[in-house]
Each structure stands twice: as C-alpha cells, then as structure tokens.
Amino acid sequence: MPELPEVEVVRRGLLPFTAGAHAGRLDVLDPRSLRRSPGGEESLRAALDGRLLGAPMRRGKFLWIPLAEAGEAAVVVHLGMSGQVRVDDATRPDPPHLRLRLPVIAADGREAELRFVDQRIFGGWWLDRLVTDPATGERIPTTAAHIALDPLHRQFDPDAVHDRWRRSRTRLKRALLDQSLVSGIGNIYADEALWASRLHPERRTATLSRAQGHAVLTAAATVMERALAVGGTSFDALYVNVDGRSGYFARSLNAYGRTGEPCPRCRDEGRDGVIVREAFMGRSSHRCRRCQPRPRT
DNA sequence: AGTTCCTCCTGGTTGC
DNA sequence: TGCAACCAGGAGGAAC
C-alpha cells in the first residue's frame, strides 16, 4: 500500500521523465481514474497535450506534476490503495489494470509512456490549481492544501503536532492516520511507529508526554526513511516503482502483518511477547501484547 | 466544531 | 466444487 516512502520512490523515478519533458495526448482507458478531475477527460487532455512539464513534487502521499508554462496549474497523481506509475517503452504490451497512458518526450529526448496502473481505482489523476501555502511559502495544489507537513519535510515541527494532540480527544493511531495533523503515514507505518515507541494504538493523544509525542513521530520518520532507502514496502505486485520493481522493506517490518509471530524486541530481550492483530476503526492494527499494553481507561 | 462512519473499488481468500 | 461473503485500505464527505 503506497504511503510516503512508496510515493517518494515514484516521485524520484518520474523526475527524469517529467522535468523539462513534453507531454503528448493523454489516453484514458478507464474514466473512473479521472473521477476527481474537474471537467473530466477533455479538460485534462487539453491541459496536458504538448505542455512542458516540471519536476514532480510531493507532500505526504500527494504527488503532483506542475505544468511549467502555466505556473498556476498541476496534475495531481494520487496512488490510493493500489496505484502505480510505470515508465515504459510504448512498444511494450499494456499491463493489467492499465487506466491512463501519457506519452512524454523527456528533456534528453528519450520517448516513453507514463502508465497509470490501478487495480482498485482508489487512486487517480486530476487537474488542479496551485496556491501558495502560507506556512511554508511553497506552491501546492488546492486539493492538498489541507494536508499537514510530513515527518520528512524540512520544516516539520513535532512540537506543533504534539500541541494539537494535547488539545484533541482522539486516539493515537487515528491521529497518526489523520493527514491534516501529520501526513504521509498509512496503516503500515503507523503500526511500525507505534511498535517502535511502545505505545498502544488506542492511547488518548491528550495523555501523551512531550517525550512520547516526539518518540512516536521520530519513529515514524525513521522507519519511513529506512523504507525509502530500500525502495519502499511491497507485499505483492500491488506496489512497485516506475520500473515495475518491488521494494524490500516488507522483510524489515516488526509488527505489521506479523500476527502470531514473536515480538522481535521481546525475543531479543528474553521475553515472550507476541504480535496480535485487532480491528480498530475498520482497519487492522498490529501490536505486541506485551510491550504495547492497553492503556488504563 | 470535532469526531466517527460510510463509500468508493477489485481480486484473492475463506466459509458453507 | 461452486458460489457468496469477506477482507485489504486512502481519503472525502455525510452523519452524529
């Protein structure tokens, strides 16, 4: 499932094929991938055709490609649950679940196709307008303007997040997944950050000390940086980079997807903690029963 | 106004 | 064996 590290891997892969590249005619194989694009297929195609593209940008899980000759516009690319952007030679056969195809001529003259593949169609592309984010001065699409800074952003401020947590009545895992409080974290890295900081997903955020708030946010940043360094987390063919290759971080996960296995930390320290899986807000949560005990209510 | 729930989707897995 | 129900979850918007 694409979260911040996986989206960043895609952004880096796209860079040589968008920055200074020219777009061709967009081919829409499934209009549901343009559900969020105002004006639909026609508007997006008109905005892209023949246009000079800029360097792809990212905040949290949102990725966008600025349209260089119109400093006000960008194409937002969201991978949703199962989205991929592949850079392929046009002669290669269409992969399954291909939804969108955009021919490009890169700045160095190479020709390629950007192929949006999305099995579950939770992701999509849409045309958006760029506005200035008052907090950072950055240009950002209107549909991402409400998204908080992510833990890998230069100006990310854990104290500000902790302050908001202190004033909220919500629980920690929900707060980690709320993209308007801190962005980029999904179910996998939330469980990993909670495990690393020994905190229970249902802990009330208002009861967290500043040190605990820092611990879980630092853990999120660390685990996402480590995942990024090895190409992200792939469980199956649902997440791959622009060349179609999987990331290697799944083998480094300590809690997510490890139901019934010994907790690695407990095992190292001679205890017998086991990873359990529990439903929480309609999602599965994985934690060590021993070192992430349920808080007293 | 803050918080929770539902919906959008497909394909692999589970259960009868 | 076959088919239905269930599960995975990012994010927006409805509902409370």
Side-chain angles (χ1 to χ4, degrees), chain A residues 1-11 28-38 40 58-64 76-85 94-100 116-126 128 140-148 150-151 161 163-194 201-207 220 224 227 232-240 250 253 255-260 277-286:
Chain A
M1 300 81 203
E3 303 180 30
L4 187 155
E6 294 77 34
V7 177
E8 178 61 16
V9 168
V10 170
R11 191 192 70 80
V28 180
L29 290 87
D30 193 324
R32 291 177 296 178
S33 293
L34 302 184
R35 207 168 8 211
R36 294 188 65 183
S37 199
R58 181 190 58 75
R59 178 176 294 186
K61 306 170 200 172
F62 284 71
L63 179 69
W64 65 93
V76 181
V77 174
H78 202 294
L79 302 181
M81 266 295 293
S82 56
Q84 308 171 358
V85 183
D94 287 354
H97 312 300
L98 179 66
R99 312 297 185 192
L100 303 171
F116 186 65
V117 174
D118 188 10
Q119 183 194 100
R120 296 180 196 168
I121 326 183
F122 277 20
W125 292 16
W126 60 90
D128 203 349
I140 190 160
T142 63
T143 53
H146 66 293
I147 297 296
D150 60 64
V161 176
D163 287 344
R164 289 187 68 183
W165 284 359
R166 291 288 299 183
R167 293 194 296 268
S168 169
R169 299 184 63 252
T170 196
R171 297 172 194 272
L172 181 52
K173 179 152 180 186
R174 181 186 299 280
L176 287 171
L177 296 176
D178 185 338
Q179 305 295 303
S180 70
L181 297 173
V182 51
S183 72
I185 303 172
N187 207 36
I188 297 174
Y189 297 111
D191 282 1
E192 292 300 304
L194 289 165
E202 297 188 54
R203 176 71 178 266
R204 295 273 178 193
T205 59
T207 69
M224 291 197 292
T233 300
S234 309
F235 287 105
D236 43 36
L238 278 192
Y239 165 71
V240 295
L253 297 174
Y256 185 87
R258 300 215 176 274
T259 310
R277 175 178 166 274
E278 291 160 328
F280 180 56
M281 356 160 355
R283 303 284 181 262
S284 57
S285 276
H286 308 75

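The figures here come from the full heavy-atom set of this structure, side chains too, leaving out hydrogens, waters and symmetry mates. Note on naming: letters A, B, ... go to the chains in the order of the sequence lines (proteins, then strands), and numbering restarts at 1 for each one.
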- Message: If you assign Tyr256(A) and Trp126(A) each to the DNA chain C nucleotide with the nearest heavy atom, which residue ends up on the more 5' nucleotide?
- Response: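 By nearest-heavy-atom nucleotide position, the 5'-most residue is Tyr256(A).
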Can you tell me the distance, in whole Å, between the [atom1] atom of [X] and the [atom2] atom of [N]?
X	N	atom1	atom2	result
Trp165(A)	dG2(B)	CH2	C1'	17 Å
Leu181(A)	dT3(B)	CG	P	9 Å
Trp125(A)	dG10(C)	CH2	P	22 Å
His146(A)	dG12(C)	NE2	C1'	8 Å
Asp178(A)	dG10(C)	CG	P	13 Å
Met81(A)	dG12(C)	CE	C1'	16 Å
Asp118(A)	dA8(C)	CG	P	19 Å
Arg36(A)	dG12(C)	CZ	C1'	7 Å

- Message: We want to know whether Ser168(A) and Arg164(A) form a side-chain donor-acceptor pair, criterion being a heavy-atom distance below 3.5 angstrom.
- Response: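 Short answer, no.
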What's the spacing between [X] [atom1] and [Y] [atom2] if we round to 0.5 Å?
X	Y	atom1	atom2	value
Met224(A)	Ile188(A)	CE	CD1	12.0 Å
Thr259(A)	Glu278(A)	OG1	CD	10.0 Å
Thr233(A)	Leu253(A)	OG1	CG	5.0 Å
Thr205(A)	Leu176(A)	OG1	CG	9.5 Å
Arg204(A)	Leu172(A)	CZ	CG	12.0 Å
Arg36(A)	Trp126(A)	CZ	CH2	3.5 Å

Please enumerate all protein N or O atoms sitting under 3.5 Å from an N or O of nucleotides 13-16 of chain C, with distances to 0.1 Å.
none

- Task: For Arg59(A) and Trp64(A), run side chain to side chain contact (heavy atoms under 4.5 Å, CB included): C-alpha distance rounded to whole Å, both residues' side-chain angles, the deciding distance at 0.1 Å, then the answer.
- Result: CA-CA 9 Å; Arg59(A) 178 176 294 186; Trp64(A) 65 93; 4.1 Å; yes
- Query: Of all the nucleotides listed (dC7(C), dT3(B), dA11(C)), which has the minimum atom distance to the side chain of Arg277(A)?
  - Reply: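 My answer, after comparing the listed nucleotides, is dC7(C).
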- Counting side-chain heavy atoms from CB outward, which of dC7(C), dT3(B), dG10(C) is closest to Asn187(A)?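 Side chain of Asn187(A) sits closest to dG10(C).
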- Message: Protein within reach of the bases, or only the backbone? For nucleotides 5-12 of chain B, mark each nucleotide 5' to 3' as B, S or -, using heavy atoms under 4.0 Å.
- Response: ---BBBS-
- With Asp191(A) as reference, evaluate Arg283(A), His286(A), Arg258(A) under the side chain to side chain donor-acceptor pair (under 3.5 Å) test and give the passing residue.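 Only one option passes, and that is His286(A).
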- Message: Check this one for me: any side-chain N or O of Ser284(A) less than 4.0 Å away from OP1 or OP2 of dG9(C)?
- Response: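 Ser284(A) to dG9(C) OP1/OP2: side-chain N or O found under 4.0 Å.
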- side-chain N/O Ser183(A) vs dA11(C) OP1/OP2, d < 4.0 Å: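 So the side-chain polar atoms of Ser183(A) never come under 4.0 Å of the phosphate oxygens OP1 or OP2 of dA11(C).
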